[in-house]
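Have a look at the structure below before the remarks.
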2 protein chains.
Amino acid sequence: MIEKIKVHIADDHKILIDGLSALINTEDAIELVGYSLTGKKVIEWFKNNKADVLILDINMPELDGIGVLKTFKNRNVTQKTIILSGLSDPKIVQEMISLGAKGFIEKGAAGEDIIPAIKAVYRGEEYYSKDIKSSLFDLYVNESKTEEAIKSSAAIEPLTDREIDVLKLITRQLSTSEIANKLDLTIKTIETHRRNLYKKIKVKNVVGLAIYAVKNNIV
Amino acid sequence: MIEKIKVHIADDHKILIDGLSALINTEDAIELVGYSLTGKKVIEWFKNNKADVLILDINMPELDGIGVLKTFKNRNVTQKTIILSGLSDPKIVQEMISLGAKGFIEKGAAGEDIIPAIKAVYRGEEYYSKDIKSSLFDLYVNESKTEEAIKSSAAIEPLTDREIDVLKLITRQLSTSEIANKLDLTIKTIETHRRNLYKKIKVKNVVGLAIYAVKNNIV
DNA sequence: TATTTTCTCAGGGTTTACCCTGAGAGCCTT
DNA sequence: AAGGCTCTCAGGGTAAACCCTGAGAAAATA
(Lines give C-alpha, C1' and ligand atoms only; values in the text may rest on other atoms or scores of the structure.)
Protein backbone atom coordinates (compact mmCIF):
# COMPACT_ATOMS: atom_id res chain seq x y z
CA MET A 1 0.00 0.00 0.00
CA ILE A 2 1.26 3.38 -1.00
CA GLU A 3 1.79 6.08 1.57
CA LYS A 4 -1.06 8.57 1.45
CA ILE A 5 -0.87 12.29 2.01
CA LYS A 6 -2.19 12.94 5.50
CA VAL A 7 -4.44 15.97 5.78
CA HIS A 8 -5.91 17.80 8.74
CA ILE A 9 -8.79 20.26 8.23
CA ALA A 10 -9.65 23.12 10.56
CA ASP A 11 -12.89 25.04 10.11
CA ASP A 12 -15.64 26.03 12.47
CA HIS A 13 -18.28 24.76 10.09
CA LYS A 14 -18.50 21.04 10.49
CA ILE A 15 -20.59 20.78 7.38
CA LEU A 16 -17.77 22.21 5.31
CA ILE A 17 -15.34 19.75 6.85
CA ASP A 18 -17.64 16.87 6.04
CA GLY A 19 -18.05 18.15 2.54
CA LEU A 20 -14.33 18.53 1.94
CA SER A 21 -13.84 15.14 3.50
CA ALA A 22 -16.14 13.62 0.93
CA LEU A 23 -14.31 15.47 -1.80
CA ILE A 24 -10.95 14.29 -0.59
CA ASN A 25 -12.13 10.73 -0.30
CA THR A 26 -12.60 10.63 -4.04
CA GLU A 27 -8.83 10.84 -4.30
CA ASP A 28 -6.91 7.72 -3.38
CA ALA A 29 -3.62 9.42 -2.71
CA ILE A 30 -4.99 11.59 0.10
CA GLU A 31 -6.55 10.76 3.42
CA LEU A 32 -8.10 12.87 6.14
CA VAL A 33 -6.45 12.06 9.44
CA GLY A 34 -8.10 14.65 11.65
CA TYR A 35 -10.12 17.80 11.90
CA SER A 36 -10.63 20.68 14.32
CA LEU A 37 -13.47 23.11 14.89
CA THR A 38 -11.39 25.76 16.64
CA GLY A 39 -7.88 27.13 16.44
CA LYS A 40 -7.08 25.87 19.90
CA LYS A 41 -7.99 22.36 18.96
CA VAL A 42 -5.64 22.56 16.01
CA ILE A 43 -2.79 23.37 18.36
CA GLU A 44 -3.81 20.55 20.67
CA TRP A 45 -4.11 18.06 17.87
CA PHE A 46 -0.69 18.80 16.46
CA LYS A 47 0.91 18.27 19.83
CA ASN A 48 0.20 14.58 19.64
CA ASN A 49 -0.33 13.99 15.96
CA LYS A 50 1.15 14.67 12.60
CA ALA A 51 -0.28 15.61 9.25
CA ASP A 52 1.46 16.36 5.98
CA VAL A 53 -0.83 19.20 5.09
CA LEU A 54 -3.03 21.44 7.19
CA ILE A 55 -6.05 23.10 5.63
CA LEU A 56 -6.78 26.09 7.78
CA ASP A 57 -9.76 28.41 7.92
CA ILE A 58 -9.06 31.97 8.99
CA ASN A 59 -12.25 32.76 10.84
CA MET A 60 -12.56 30.49 13.83
CA PRO A 61 -13.68 31.03 17.39
CA GLU A 62 -11.27 31.30 20.31
CA LEU A 63 -8.16 31.33 18.19
CA ASP A 64 -8.18 32.21 14.54
CA GLY A 65 -6.06 30.91 11.69
CA ILE A 66 -3.55 33.70 12.05
CA GLY A 67 -3.11 32.84 15.70
CA VAL A 68 -2.55 29.20 14.82
CA LEU A 69 0.23 30.02 12.40
CA LYS A 70 1.79 32.39 14.90
CA THR A 71 1.77 29.72 17.54
CA PHE A 72 3.44 27.32 15.15
CA LYS A 73 6.03 29.91 14.29
CA ASN A 74 6.77 30.66 17.93
CA ARG A 75 7.35 26.99 18.55
CA ASN A 76 9.42 26.62 15.44
CA VAL A 77 6.99 24.15 14.00
CA THR A 78 7.04 23.90 10.25
CA GLN A 79 3.68 22.81 8.98
CA LYS A 80 2.72 22.84 5.34
CA THR A 81 -0.46 24.86 5.36
CA ILE A 82 -3.20 25.80 2.94
CA ILE A 83 -5.36 28.74 3.97
CA LEU A 84 -9.08 28.58 3.42
CA SER A 85 -10.49 32.06 3.37
CA GLY A 86 -13.85 33.63 2.81
CA LEU A 87 -12.33 36.88 1.69
CA SER A 88 -9.09 37.62 -0.05
CA ASP A 89 -7.99 40.77 1.73
CA PRO A 90 -4.47 41.30 0.40
CA LYS A 91 -3.25 42.29 3.84
CA ILE A 92 -4.33 39.03 5.33
CA VAL A 93 -2.94 37.06 2.43
CA GLN A 94 0.34 38.81 2.97
CA GLU A 95 0.36 38.09 6.64
CA MET A 96 -0.45 34.44 6.20
CA ILE A 97 2.33 34.04 3.68
CA SER A 98 4.82 35.71 5.94
CA LEU A 99 3.70 33.29 8.62
CA GLY A 100 4.54 30.40 6.37
CA ALA A 101 1.34 29.49 4.58
CA LYS A 102 2.11 27.82 1.29
CA GLY A 103 -1.32 27.70 -0.27
CA PHE A 104 -4.31 29.92 -0.42
CA ILE A 105 -7.81 29.02 -1.53
CA GLU A 106 -10.84 31.24 -1.49
CA LYS A 107 -14.01 29.61 -0.30
CA GLY A 108 -15.65 31.11 -3.31
CA ALA A 109 -13.26 29.15 -5.48
CA ALA A 110 -14.05 25.82 -6.98
CA GLY A 111 -13.71 22.73 -4.88
CA GLU A 112 -11.56 21.19 -7.58
CA ASP A 113 -8.75 23.41 -6.41
CA ILE A 114 -8.43 21.54 -3.19
CA ILE A 115 -6.87 18.34 -4.49
CA PRO A 116 -4.16 19.96 -6.63
CA ALA A 117 -3.50 22.39 -3.81
CA ILE A 118 -2.88 19.60 -1.36
CA LYS A 119 -0.61 17.79 -3.77
CA ALA A 120 1.36 20.88 -4.66
CA VAL A 121 1.89 21.98 -1.10
CA TYR A 122 2.78 18.45 -0.12
CA ARG A 123 5.52 18.46 -2.75
CA GLY A 124 6.85 21.68 -1.27
CA GLU A 125 5.41 23.95 -3.91
CA GLU A 126 3.07 26.85 -3.47
CA TYR A 127 -0.51 26.99 -4.62
CA TYR A 128 -2.89 29.91 -4.98
CA SER A 129 -6.38 29.75 -6.39
CA LYS A 130 -7.14 31.99 -9.33
CA ASP A 131 -9.15 34.54 -7.40
CA ILE A 132 -6.30 35.11 -5.04
CA LYS A 133 -3.78 35.45 -7.78
CA SER A 134 -5.83 37.72 -9.96
CA SER A 135 -6.59 40.01 -7.08
CA LEU A 136 -4.05 42.51 -5.97
CA PHE A 137 -2.08 39.63 -4.71
CA ASP A 138 0.79 39.66 -7.16
CA LEU A 139 1.78 43.06 -5.96
CA TYR A 140 2.50 41.75 -2.53
CA VAL A 141 3.88 38.30 -2.78
CA ASN A 142 7.40 39.37 -3.46
CA GLU A 143 7.82 41.85 -0.68
CA SER A 144 5.83 40.08 1.93
CA LYS A 145 8.22 37.61 3.38
CA THR A 146 9.63 40.03 5.88
CA GLU A 147 9.50 40.12 9.64
CA GLU A 148 7.86 43.52 9.69
CA ALA A 149 4.67 42.15 8.30
CA ILE A 150 4.31 39.95 11.29
CA LYS A 151 4.55 42.73 13.80
CA SER A 152 2.09 45.03 12.10
CA SER A 153 -0.39 42.22 12.45
CA ALA A 154 -3.98 43.19 12.95
CA ALA A 155 -4.58 39.81 14.48
CA ILE A 156 -5.59 39.18 18.03
CA GLU A 157 -3.34 37.55 20.58
CA PRO A 158 -4.64 34.13 21.50
CA LEU A 159 -6.90 34.01 24.53
CA THR A 160 -6.14 31.64 27.36
CA ASP A 161 -8.63 29.03 28.56
CA ARG A 162 -9.48 31.05 31.64
CA GLU A 163 -10.01 34.17 29.63
CA ILE A 164 -12.41 32.36 27.39
CA ASP A 165 -14.28 31.05 30.42
CA VAL A 166 -14.64 34.56 31.74
CA LEU A 167 -15.58 35.95 28.35
CA LYS A 168 -18.33 33.40 27.96
CA LEU A 169 -19.80 34.31 31.32
CA ILE A 170 -19.57 37.99 30.52
CA THR A 171 -21.62 37.43 27.41
CA ARG A 172 -24.22 35.77 29.60
CA GLN A 173 -24.56 39.15 31.20
CA LEU A 174 -23.08 38.11 34.51
CA SER A 175 -21.36 40.74 36.63
CA THR A 176 -17.82 40.41 37.86
CA SER A 177 -18.93 39.24 41.29
CA GLU A 178 -21.33 36.71 39.81
CA ILE A 179 -18.56 35.34 37.65
CA ALA A 180 -16.24 35.18 40.64
CA ASN A 181 -18.86 33.19 42.47
CA LYS A 182 -19.47 30.80 39.63
CA LEU A 183 -15.77 30.08 39.15
CA ASP A 184 -14.92 30.14 42.85
CA LEU A 185 -12.45 32.96 42.42
CA THR A 186 -12.12 36.43 43.89
CA ILE A 187 -13.43 39.53 42.24
CA LYS A 188 -9.89 40.78 41.84
CA THR A 189 -8.97 37.80 39.73
CA ILE A 190 -11.90 38.28 37.41
CA GLU A 191 -11.03 41.94 37.08
CA THR A 192 -7.54 40.97 36.00
CA HIS A 193 -8.91 38.62 33.37
CA ARG A 194 -11.20 41.36 32.13
CA ARG A 195 -8.32 43.77 31.83
CA ASN A 196 -6.26 41.27 29.93
CA LEU A 197 -9.17 40.62 27.60
CA TYR A 198 -9.43 44.34 26.86
CA LYS A 199 -5.77 44.51 26.03
CA LYS A 200 -5.68 41.41 23.88
CA ILE A 201 -8.82 42.11 21.94
CA LYS A 202 -7.98 45.79 21.81
CA VAL A 203 -11.34 47.12 22.92
CA LYS A 204 -12.36 49.87 25.28
CA ASN A 205 -14.97 48.18 27.40
CA VAL A 206 -17.28 45.24 27.84
CA VAL A 207 -19.25 46.24 24.77
CA GLY A 208 -16.27 45.56 22.55
CA LEU A 209 -15.83 42.24 24.27
CA ALA A 210 -19.43 41.25 23.67
CA ILE A 211 -19.26 42.21 20.01
CA TYR A 212 -16.03 40.29 19.56
CA ALA A 213 -17.55 37.26 21.23
CA VAL A 214 -20.60 37.23 19.02
CA LYS A 215 -18.65 37.76 15.82
CA ASN A 216 -16.29 34.97 16.74
CA ASN A 217 -18.94 32.51 17.82
CA ILE A 218 -17.84 32.37 21.42
CA VAL A 219 -21.38 32.94 22.61
CA MET B 1 -33.70 3.50 -13.26
CA ILE B 2 -35.32 4.86 -10.17
CA GLU B 3 -36.31 8.47 -9.95
CA LYS B 4 -33.77 10.36 -7.87
CA ILE B 5 -34.42 13.31 -5.59
CA LYS B 6 -33.32 16.40 -7.49
CA VAL B 7 -31.44 18.92 -5.39
CA HIS B 8 -30.30 22.47 -6.04
CA ILE B 9 -27.75 24.12 -3.76
CA ALA B 10 -27.31 27.85 -3.27
CA ASP B 11 -24.31 29.17 -1.40
CA ASP B 12 -21.77 31.82 -2.17
CA HIS B 13 -18.94 29.48 -1.29
CA LYS B 14 -18.32 27.23 -4.21
CA ILE B 15 -16.09 25.06 -2.13
CA LEU B 16 -18.95 24.28 0.20
CA ILE B 17 -21.15 23.42 -2.75
CA ASP B 18 -18.52 21.09 -4.14
CA GLY B 19 -18.11 19.52 -0.74
CA LEU B 20 -21.80 18.98 -0.27
CA SER B 21 -21.99 17.70 -3.79
CA ALA B 22 -19.42 15.05 -2.99
CA LEU B 23 -21.34 14.19 0.15
CA ILE B 24 -24.59 13.89 -1.74
CA ASN B 25 -23.03 11.75 -4.43
CA THR B 26 -22.40 9.08 -1.85
CA GLU B 27 -26.15 8.65 -1.75
CA ASP B 28 -27.71 6.93 -4.75
CA ALA B 29 -31.18 8.26 -4.19
CA ILE B 30 -30.19 11.89 -4.52
CA GLU B 31 -28.66 13.88 -7.33
CA LEU B 32 -27.47 17.44 -7.64
CA VAL B 33 -29.14 19.08 -10.60
CA GLY B 34 -27.88 22.60 -10.17
CA TYR B 35 -26.28 25.18 -8.00
CA SER B 36 -26.17 28.94 -7.58
CA LEU B 37 -23.67 31.30 -6.07
CA THR B 38 -26.06 34.17 -5.48
CA GLY B 39 -29.70 34.64 -4.60
CA LYS B 40 -30.44 36.19 -7.97
CA LYS B 41 -29.13 33.16 -9.78
CA VAL B 42 -31.40 30.95 -7.71
CA ILE B 43 -34.39 32.89 -8.96
CA GLU B 44 -33.10 32.70 -12.54
CA TRP B 45 -32.42 28.99 -12.34
CA PHE B 46 -35.87 28.15 -11.07
CA LYS B 47 -37.49 30.04 -13.92
CA ASN B 48 -36.34 27.40 -16.36
CA ASN B 49 -35.63 24.41 -14.18
CA LYS B 50 -37.07 22.32 -11.43
CA ALA B 51 -35.66 20.73 -8.31
CA ASP B 52 -37.36 18.72 -5.62
CA VAL B 53 -35.38 20.28 -2.82
CA LEU B 54 -33.56 23.58 -2.55
CA ILE B 55 -30.70 23.93 -0.09
CA LEU B 56 -30.40 27.63 0.60
CA ASP B 57 -27.73 29.62 2.37
CA ILE B 58 -28.87 32.76 4.14
CA ASN B 59 -25.83 34.95 3.62
CA MET B 60 -25.35 35.56 -0.05
CA PRO B 61 -24.43 38.59 -2.10
CA GLU B 62 -26.95 40.56 -4.15
CA LEU B 63 -30.00 38.77 -2.80
CA ASP B 64 -29.93 36.74 0.39
CA GLY B 65 -31.82 33.62 1.34
CA ILE B 66 -34.65 35.56 2.90
CA GLY B 67 -35.05 37.54 -0.28
CA VAL B 68 -35.20 34.36 -2.31
CA LEU B 69 -37.98 32.91 -0.22
CA LYS B 70 -39.86 36.18 -0.31
CA THR B 71 -39.64 36.23 -4.08
CA PHE B 72 -40.94 32.70 -4.26
CA LYS B 73 -43.78 33.61 -1.96
CA ASN B 74 -44.73 36.64 -4.01
CA ARG B 75 -44.86 34.51 -7.13
CA ASN B 76 -46.80 31.79 -5.36
CA VAL B 77 -44.05 29.30 -5.97
CA THR B 78 -43.96 26.43 -3.55
CA GLN B 79 -40.45 25.10 -3.22
CA LYS B 80 -39.38 22.60 -0.60
CA THR B 81 -36.46 24.35 1.02
CA ILE B 82 -33.76 23.57 3.55
CA ILE B 83 -32.00 26.55 5.08
CA LEU B 84 -28.26 26.45 5.60
CA SER B 85 -27.32 28.95 8.24
CA GLY B 86 -24.19 30.01 10.00
CA LEU B 87 -26.03 31.21 13.04
CA SER B 88 -29.31 30.09 14.54
CA ASP B 89 -30.87 33.36 15.53
CA PRO B 90 -34.42 32.40 16.54
CA LYS B 91 -35.77 35.47 14.79
CA ILE B 92 -34.36 34.42 11.48
CA VAL B 93 -35.42 30.84 11.96
CA GLN B 94 -38.91 32.05 12.63
CA GLU B 95 -38.95 34.26 9.60
CA MET B 96 -37.69 31.54 7.30
CA ILE B 97 -40.33 29.16 8.56
CA SER B 98 -43.07 31.66 8.04
CA LEU B 99 -41.73 32.06 4.51
CA GLY B 100 -42.12 28.35 3.95
CA ALA B 101 -38.76 26.78 4.76
CA LYS B 102 -39.21 23.20 5.82
CA GLY B 103 -35.73 22.36 7.04
CA PHE B 104 -33.03 24.12 8.93
CA ILE B 105 -29.39 23.07 9.28
CA GLU B 106 -26.65 24.96 11.05
CA LYS B 107 -23.35 25.03 9.24
CA GLY B 108 -21.75 24.10 12.51
CA ALA B 109 -23.77 20.91 12.46
CA ALA B 110 -22.51 17.64 11.15
CA GLY B 111 -22.62 16.95 7.45
CA GLU B 112 -24.51 13.75 8.09
CA ASP B 113 -27.57 15.84 8.70
CA ILE B 114 -27.80 16.81 5.09
CA ILE B 115 -28.93 13.49 3.61
CA PRO B 116 -31.73 12.80 6.11
CA ALA B 117 -32.77 16.42 5.84
CA ILE B 118 -33.16 16.17 2.08
CA LYS B 119 -35.11 12.94 2.35
CA ALA B 120 -37.38 14.24 5.07
CA VAL B 121 -38.18 17.47 3.32
CA TYR B 122 -38.70 15.63 0.04
CA ARG B 123 -41.30 13.46 1.74
CA GLY B 124 -43.07 16.59 2.92
CA GLU B 125 -41.80 16.41 6.47
CA GLU B 126 -39.83 18.96 8.38
CA TYR B 127 -36.24 18.67 9.51
CA TYR B 128 -34.24 20.68 11.99
CA SER B 129 -30.70 19.95 13.11
CA LYS B 130 -30.13 19.46 16.80
CA ASP B 131 -28.55 22.84 17.44
CA ILE B 132 -31.55 24.57 16.04
CA LYS B 133 -33.98 22.49 17.98
CA SER B 134 -32.21 22.71 21.27
CA SER B 135 -32.07 26.47 21.07
CA LEU B 136 -35.10 28.41 22.08
CA PHE B 137 -36.55 27.24 18.87
CA ASP B 138 -39.25 24.86 20.10
CA LEU B 139 -40.98 27.70 21.80
CA TYR B 140 -41.58 29.36 18.49
CA VAL B 141 -42.21 26.68 15.96
CA ASN B 142 -45.78 26.01 16.92
CA GLU B 143 -46.95 29.57 16.96
CA SER B 144 -44.95 30.78 14.04
CA LYS B 145 -46.91 29.47 11.13
CA THR B 146 -49.47 32.21 11.25
CA GLU B 147 -49.43 35.64 9.76
CA GLU B 148 -49.65 37.13 13.22
CA ALA B 149 -46.35 35.63 14.18
CA ILE B 150 -44.61 37.66 11.53
CA LYS B 151 -45.86 40.88 12.99
CA SER B 152 -45.20 40.06 16.62
CA SER B 153 -41.81 38.90 15.50
CA ALA B 154 -39.78 37.45 18.37
CA ALA B 155 -41.78 39.47 20.83
CA ILE B 156 -39.45 42.41 21.09
CA GLU B 157 -41.04 45.82 21.27
CA PRO B 158 -39.99 47.98 18.35
CA LEU B 159 -37.22 50.42 19.11
CA THR B 160 -37.67 54.09 18.42
CA ASP B 161 -35.35 56.02 16.14
CA ARG B 162 -33.63 57.69 19.04
CA GLU B 163 -33.12 54.41 20.80
CA ILE B 164 -31.50 52.97 17.72
CA ASP B 165 -29.23 56.01 17.49
CA VAL B 166 -28.13 55.48 21.05
CA LEU B 167 -27.74 51.75 20.60
CA LYS B 168 -25.49 52.27 17.60
CA LEU B 169 -23.25 54.61 19.55
CA ILE B 170 -23.16 52.19 22.46
CA THR B 171 -21.90 49.47 20.16
CA ARG B 172 -19.13 51.82 19.11
CA GLN B 173 -17.99 51.59 22.69
CA LEU B 174 -18.90 55.16 23.56
CA SER B 175 -19.76 56.01 27.15
CA THR B 176 -22.97 57.70 28.16
CA SER B 177 -21.34 61.10 28.40
CA GLU B 178 -19.67 60.69 25.04
CA ILE B 179 -22.98 59.80 23.48
CA ALA B 180 -24.62 62.79 25.17
CA ASN B 181 -21.97 64.99 23.67
CA LYS B 182 -22.31 63.56 20.21
CA LEU B 183 -26.07 63.92 20.16
CA ASP B 184 -26.11 67.24 22.01
CA LEU B 185 -28.20 65.86 24.82
CA THR B 186 -27.75 65.55 28.55
CA ILE B 187 -26.43 62.49 30.27
CA LYS B 188 -29.76 61.99 31.94
CA THR B 189 -31.49 61.67 28.62
CA ILE B 190 -29.10 59.04 27.39
CA GLU B 191 -29.52 57.16 30.64
CA THR B 192 -33.23 57.10 30.08
CA HIS B 193 -32.79 55.74 26.58
CA ARG B 194 -30.48 53.08 27.92
CA ARG B 195 -33.02 52.05 30.53
CA ASN B 196 -35.74 51.82 27.95
CA LEU B 197 -33.52 49.71 25.73
CA TYR B 198 -32.91 47.29 28.59
CA LYS B 199 -36.62 46.96 29.17
CA LYS B 200 -37.58 46.55 25.55
CA ILE B 201 -34.86 44.12 24.61
CA LYS B 202 -35.19 42.40 27.95
CA VAL B 203 -31.53 42.29 28.87
CA LYS B 204 -29.68 42.94 32.09
CA ASN B 205 -26.93 45.26 30.98
CA VAL B 206 -24.99 46.73 28.11
CA VAL B 207 -23.60 43.33 27.19
CA GLY B 208 -27.06 42.09 26.29
CA LEU B 209 -27.54 45.22 24.25
CA ALA B 210 -24.33 44.69 22.31
CA ILE B 211 -25.16 41.07 21.57
CA TYR B 212 -28.62 42.00 20.40
CA ALA B 213 -27.20 44.71 18.16
CA VAL B 214 -24.72 42.41 16.48
CA LYS B 215 -27.23 39.63 15.93
CA ASN B 216 -29.69 42.05 14.44
CA ASN B 217 -27.18 43.81 12.25
CA ILE B 218 -27.54 47.15 13.95
CA VAL B 219 -23.77 47.47 14.16
C1' DT C 1 -59.77 67.18 20.51
C1' DA C 2 -58.11 63.67 23.37
C1' DT C 3 -54.78 60.18 24.06
C1' DT C 4 -50.62 57.89 23.45
C1' DT C 5 -45.90 57.80 22.30
C1' DT C 6 -41.55 59.86 21.95
C1' DC C 7 -38.07 62.66 23.49
C1' DT C 8 -36.27 65.32 26.78
C1' DC C 9 -34.41 66.28 31.63
C1' DA C 10 -33.90 66.08 36.88
C1' DG C 11 -32.54 64.68 41.93
C1' DG C 12 -30.39 61.45 44.47
C1' DG C 13 -28.91 57.08 45.18
C1' DT C 14 -26.00 52.17 45.00
C1' DT C 15 -23.34 49.15 42.53
C1' DT C 16 -20.21 47.93 39.11
C1' DA C 17 -16.75 48.72 35.79
C1' DC C 18 -12.42 50.19 34.94
C1' DC C 19 -7.40 51.73 35.96
C1' DC C 20 -2.85 51.54 38.47
C1' DT C 21 0.75 48.85 40.54
C1' DG C 22 2.60 44.85 42.40
C1' DA C 23 3.29 39.93 43.32
C1' DG C 24 3.47 34.86 44.55
C1' DA C 25 2.73 30.01 42.82
C1' DG C 26 2.67 26.58 39.33
C1' DC C 27 3.75 24.97 34.79
C1' DC C 28 6.18 24.49 30.44
C1' DT C 29 10.00 25.19 27.54
C1' DT C 30 15.00 26.36 26.71
C1' DA D 1 18.39 26.54 36.43
C1' DA D 2 16.29 30.37 34.13
C1' DG D 3 12.90 32.62 31.65
C1' DG D 4 8.18 32.87 30.13
C1' DC D 5 3.32 32.37 30.56
C1' DT D 6 -0.91 31.41 33.18
C1' DC D 7 -3.55 31.96 37.02
C1' DT D 8 -4.30 33.76 41.16
C1' DC D 9 -5.00 37.83 44.49
C1' DA D 10 -4.35 42.57 46.73
C1' DG D 11 -4.85 47.81 47.95
C1' DG D 12 -6.77 51.86 46.67
C1' DG D 13 -8.71 54.75 43.61
C1' DT D 14 -12.09 57.36 39.85
C1' DA D 15 -15.46 57.12 36.51
C1' DA D 16 -19.30 55.03 34.76
C1' DA D 17 -23.24 52.15 34.83
C1' DC D 18 -27.41 51.22 36.69
C1' DC D 19 -31.90 52.01 39.54
C1' DC D 20 -35.76 54.84 41.51
C1' DT D 21 -39.28 58.31 40.78
C1' DG D 22 -41.23 61.99 38.48
C1' DA D 23 -42.37 65.14 34.69
C1' DG D 24 -42.86 68.67 30.83
C1' DA D 25 -43.08 69.48 25.67
C1' DA D 26 -43.72 68.01 21.16
C1' DA D 27 -45.35 64.90 17.81
C1' DA D 28 -47.97 61.24 16.14
C1' DT D 29 -52.40 58.85 16.23
C1' DA D 30 -57.11 58.00 17.31
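Note on naming: letters A, B, ... go to the chains in the order of the sequence lines (proteins, then strands), and numbering restarts at 1 for each one.
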**OP:** Can you check each nucleotide of nucleotides 12-30 of chain D against protein heavy atoms at under 4.0 Å and return B for base, S for sugar-phosphate only, - for none, in 5' to 3' order?
**Re:** B----SB-BB---------
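- Cation-pi contact between A:Lys202 and A:Tyr212: absent, since separation from the ring centre below 6.0 Å together with deviation from the ring axis within 45° is not met.
- When the nucleotides C:dC7, C:dT6, D:dC7 are ranked by their closest atom to the side chain of B:Asp161, C:dC7 comes out on top.
- Rounded to a whole Å, the CD1 atom of B:Ile190 is 7 Å from the P atom of C:dT8.
- For the pair A:Lys40 NZ and D:dT6 C1', the interatomic distance rounds to 11 Å; values are reported in whole Å.
- A cation-pi arrangement, defined by a distance under 6.0 Å to the six-membered ring centre and an angle within 45 degrees of its axis, is present between A:Lys80 and A:Tyr122.
- You'll find that the side chain of B:Thr160 is closest to C:dC7, out of D:dT8, C:dA10, C:dC7.
- A side-chain donor from one of A:Tyr127 and A:Asp113 sits under 3.5 Å from a side-chain acceptor of the other.
- The separation between B:Asn196 atom CG and C:dC7 atom P is 10 Å, rounded to whole Å.
- Between A:His193 and the phosphate of D:dT6, there is no side-chain N or O to OP1/OP2 separation shorter than 4.0 Å.
- Put simply, the side chain of B:Leu54 does not reach to within 4.5 Å of the side chain of B:Ile82, judged on heavy atoms.
- Regarding B:Leu197, its CG atom lies at a distance of 12 Å from the P atom of C:dT6, rounded to whole Å.
- Residue contacts for A:Thr189: at a heavy-atom cut-off of 4.0 Å it reaches a base atom on one of the strands shown.
- Distance, A:Glu178 CD to C:dT16 P: 8 Å, rounded to whole Å.
- Aromatic ring orientation, A:His8 versus A:Trp45: tilted (interplanar angle from 30° to 60°).
- A straight line from CD1 of A:Ile187 to P of C:dT15 spans 12 Å, rounded to a whole angstrom.
- When rounded to the nearest whole Å, the span between CG of B:Asp184 and P of C:dT8 equals 11 Å.
- Using a 4.0 Å heavy-atom cutoff across all strands shown, B:Leu185 reaches sugar-phosphate atoms only and no base atom.
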**OP:** Go through the steps for A:Leu185 and A:Ile179 under the test side chain to side chain contact (heavy atoms under 4.5 Å, CB included), then give the verdict.
**Re:** CA-CA 8 Å; A:Leu185 298 172; A:Ile179 295 172; over 6 Å; no
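- There is a side-chain donor-acceptor pair under 3.5 Å between B:Thr186 and B:Thr189.
- In this structure, the CD1 atom of A:Ile170 is 10 Å from the C1' atom of C:dA17, given to the nearest Å.
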